[in-house]
A.B. asks: 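Just dropping this structure here.
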Amino acid sequence: MGNTAVVVGGGIGGLAAAIGLRRIGWEVTVVERASMLEDAGAGISLAANGLRALDELGVGDAVRDASRGQYNGGTRTPQGGWLTRMDGSALEKAVGTPIMGIRRSTLHRLLRDSLPAEALLIGSEADSVEQPGPGTVRVGCGETVLDADLVVAADGIGSKVRSHLFPAHPGPVYSGSTVLRAITEQAVDLRTDFELTWGHGAEFGHIAFHDGRAEWHAVLDLPAGTRFADPLDELRRRFHTWHDPIPALLDATRPAAVLHHDVNELRTPLPSYTVGRTALLGDAAHAMPPNLGQGACQALEDAVTLAAALATEPTVKAALARYDAERRPRSQAVARAARQAGRMGQQLSHPLAVALRNTAMRLTPSRAATHMILRHHAWVPPQLS
Ligand SMILES: Cc1cc2nc3c(=O)[nH]c(=O)nc-3n(C[C@H](O)[C@H](O)[C@H](O)COP(=O)(O)OP(=O)(O)OC[C@H]3O[C@@H](n4cnc5c(N)ncnc54)[C@H](O)[C@@H]3O)c2cc1C
């Protein structure tokens with residue numbers, strides 16, 4: 001089989017795919033429409049499955065060095081009572097690592113640094129993907145035409161490649177929640193590495209970084225497209241009665257640092273992650289709500305699985321069939337679980353339902369909570385070496 005690939009999209013998924021393909025000896029070009037390759041967003045948590053995928057890609061140690069282990073934290077009520085405590089050491093014992101918190105820009109830079117500059121075509125938008133012959137797939141980017149043996153569509157939740165390949169698919173829909181988030185300007189005195197606090201139809205959470213600064217996020221159930229004239233002021237108004245350190249996190253933030261996005265998801269599952277010589281990967285294939293912190297981890301799993309299949313199967317066709325068979329059931333199950341976690345978590349707003357959920361959570365032993373998390377984290381990557 002040939003060994004050239006074009007990856008459309010230079011987000012976490014696309015860069016990881018490119019690294020995986022290069023590790024198995026393929027020539028790769030990443031086409032990214034943004035003129036600067038910097039993943040927007042604040043922070044991200046990486047669970048054992050994502051970290052193991054990064055290990056296979058050769059960047060696991062560098063990512064761990066730049067991250068903070070999320071050992072101590074859990075879920076709380078707005079008054080500060082604990083619903084569950086999460087023990088990162090128990091996760092570490094079970095799967096070798098606690099969840100790690102890292103700035104998105106740092107993760108993105110570490111992935112980018114693993115690729116040669118000439119592999120990145122920055123500021124180029126892919127506008128077509130066609131298969132001119134049985135052994136070739138062609139990506140058009142304005143005047144530039146790139147022919148390859150494989151195209152990896154990692155162009156995110158709004159994937160144009162996906163809508164071209166699956167014109168009847170309804171595409172992404174609004175999850176019902178909008179999220180505001182930022183990284184604090186300075187270090188904050190935090191007693192925990194991470195927390196999630198659930199009110200009625202609202203959530204506030206933080207992830208601490210290794211330099212003492214933190215990412216916070218506020219999720220609100222509001223109509224799609226809702227925007228505030230002064231987002232930080234609006235959050236202070238909504239969250240000023242919530243427990244410490246929530247007001248302190250907002251106070252440690254510059255207004256201009258606040259990002260605001262509606263959370264969309266691919267609620268209708270795709271019938272396949274491959275068409276001809278094109279593989280869909282990451283959010284392009286299975287964008288999910290962020291409630292389990294698994295979207296990027298699943299994209300990293302995709303990247304390693306795709307490279308391993310191409311390294312071992314005799315043809316691109318056989319490799320893509322294996323990629324689809326291994327990735328679709330797993331990632332779609334995680335997406336379903338993430339949606340369910342949102343419904344039972346921050347999206348729950350009826351007072352009786354919230355009270356019942358909170359009681360059930362308080363009664364759940366932390367060992368059982370850890371066991372539930374492990375279902376998604378205990379993934380073993382195929383070896384690329
Ligand atoms: C609020 C929030 C919190 C989250 N927290 C976590 C977390 O803690 N842990 C976790 O694992 N996941 C988390 N996620 C999910 C995670 O962010 C995504 O799953 C992940 O970033 C998807 O990566 P991707 O590379 O598939 O897509 P993207 O990051 O969207 O990248 C797609 C790239 O393709 C480019 N592109 C698009 N179209 C074209 C084109 N036509 N030509 C060229 N380039 C193009 C875009 O510019 C972009 O750079 C969170 C998501 C949200 C919304």
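Counting convention: from 1, in listed order, for ligands and their atoms alike. Scope of the values below: all heavy atoms of this structure, side chains included, with no hydrogens, waters or symmetry mates. Just so it is clear, the model here is predicted, and its values are computed rather than measured.
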A.B. asks: Geometry only, no angles: is Ala296 polar-contacting ligand 1 at N/O separations under 3.5 Å?
C.D. replies: yes
A.B. asks: I'd like to check whether Val8 has a polar contact with ligand 1, where a contact means an N/O of the residue lying under 3.5 Å from an N/O of the ligand.
C.D. replies: no
A.B. asks: Mind checking whether Ile12 has a heavy atom under 4.0 Å from ligand 1?
C.D. replies: yes
A.B. asks: Look at ligand 1 and say whether Cys141 reaches it with a heavy atom at a distance under 4.0 Å.
C.D. replies: no
A.B. asks: Where the closest heavy atom to atom 32 (C) of ligand 1 is concerned, which of Gly158, Ala154, Gly9, Gly205 has it?
C.D. replies: Ala154
A.B. asks: Has Arg104 got any heavy atom lying under 4.0 angstrom from an atom of ligand 1?
C.D. replies: yes
A.B. asks: Using a strict 4.0 Å threshold on nitrogen-to-oxygen distance, state whether Lys160 and Glu125 make a salt bridge.
C.D. replies: yes
A.B. asks: Are Asp262 and Arg227 ion-paired here, with the side-chain N under 4.0 Å from a carboxylate O?
C.D. replies: yes
A.B. asks: Does Arg181 have a heavy atom less than 4.0 Å from any atom of ligand 1?
C.D. replies: yes
A.B. asks: Give the intermediate values and the outcome of salt bridge (Lys or Arg N to Asp or Glu O under 4.0 Å) for residues Asp302 and Arg330.
C.D. replies: CA-CA 10 Å; Asp302 291 345; Arg330 156 99 176 143; over 6 Å; no
A.B. asks: State whether a side-chain donor-acceptor pair under 3.5 Å links Glu203 with Trp198.
C.D. replies: yes
A.B. asks: Touching ligand 1 at all, Gln294? Heavy atoms, strictly under 4.0 Å?
C.D. replies: yes
A.B. asks: Using a strict threshold of under 4.0 Å (side-chain N to carboxylate O), is an ion pair present between Arg322 and Glu326?
C.D. replies: yes
A.B. asks: Going by distance alone, is a donor N or O of one side chain under 3.5 Å from an acceptor N or O of the other, for His210 and Ser67?
C.D. replies: no
A.B. asks: Does only the side chain of Ala287 get under 4.0 Å from ligand 1, or the backbone, or both, or neither? Count heavy atoms.
C.D. replies: neither
A.B. asks: Check for me whether Glu32 has a heavy atom closer than 4.0 Å to any atom of ligand 1.
C.D. replies: yes
A.B. asks: Which class fits the ring pair His260 and Phe228: parallel under 30°, tilted 30 to 60°, perpendicular over 60°?
C.D. replies: parallel
A.B. asks: Is the shortest N/O to N/O distance between Lys160 and ligand 1 below 3.5 Å?
C.D. replies: no
A.B. asks: What are the atoms of ligand 1, with element, lying closer than 4.0 Å to any heavy atom of Asp283?
C.D. replies: 18 (C), 19 (O), 22 (C), 26 (O)
A.B. asks: Using distance alone, determine whether Ile157 and ligand 1 share an N or O pair under 3.5 Å.
C.D. replies: no
A.B. asks: At a 4.0 Å threshold, what atoms of ligand 1 neighbour a non-hydrogen atom of Ser124?
C.D. replies: 43 (C)
A.B. asks: Look at atom 27 (O) of ligand 1 and find which of Gly123, Gly156, Gly11 reaches it with the closest heavy atom.
C.D. replies: Gly156
A.B. asks: For Arg64 and Asp61, run salt bridge (Lys or Arg N to Asp or Glu O under 4.0 Å): C-alpha distance rounded to whole Å, both residues' side-chain angles, the deciding distance at 0.1 Å, then the answer.
C.D. replies: CA-CA 5 Å; Arg64 283 188 188 82; Asp61 287 342; 3.7 Å; yes
A.B. asks: For ligand 1, does Val179 get within less than 4.0 Å through its side chain, its backbone, both, or neither, judged by non-hydrogen atoms?
C.D. replies: side chain
A.B. asks: Is it the side chain, the backbone, both or neither of Pro290 that has a heavy atom closer than 4.0 Å to ligand 1?
C.D. replies: side chain
A.B. asks: Quick one: which of Gly13, Gly10, Ser35 has a heavy atom closest to atom 24 (P) of ligand 1?
C.D. replies: Gly13
A.B. asks: For the residue pair Phe204 and Trp216, is the inter-centroid distance of their aromatic rings smaller than 6.0 Å?
C.D. replies: yes
A.B. asks: Any Lys/Arg nitrogen of Asp211 or Arg103 sitting under 4.0 Å from an Asp/Glu carboxylate oxygen of the other?
C.D. replies: yes
A.B. asks: In this structure, does ligand 1 have an atom that sits under 4.0 Å from one of the heavy atoms of Cys297?
C.D. replies: yes
A.B. asks: Are side-chain heavy atoms of Asp193 and His206 found at a separation under 4.5 Å?
C.D. replies: no
A.B. asks: Checking salt bridge (Lys or Arg N to Asp or Glu O under 4.0 Å) for the pair Asp87/Lys93: CA distance, chi angles, key distance, verdict?
C.D. replies: CA-CA 10 Å; Asp87 179 4; Lys93 220 164 142 192; over 6 Å; no
A.B. asks: Counting from 1, what ligand 1 atoms have a heavy atom of Gly282 closer than 4.0 Å?
C.D. replies: 26 (O)
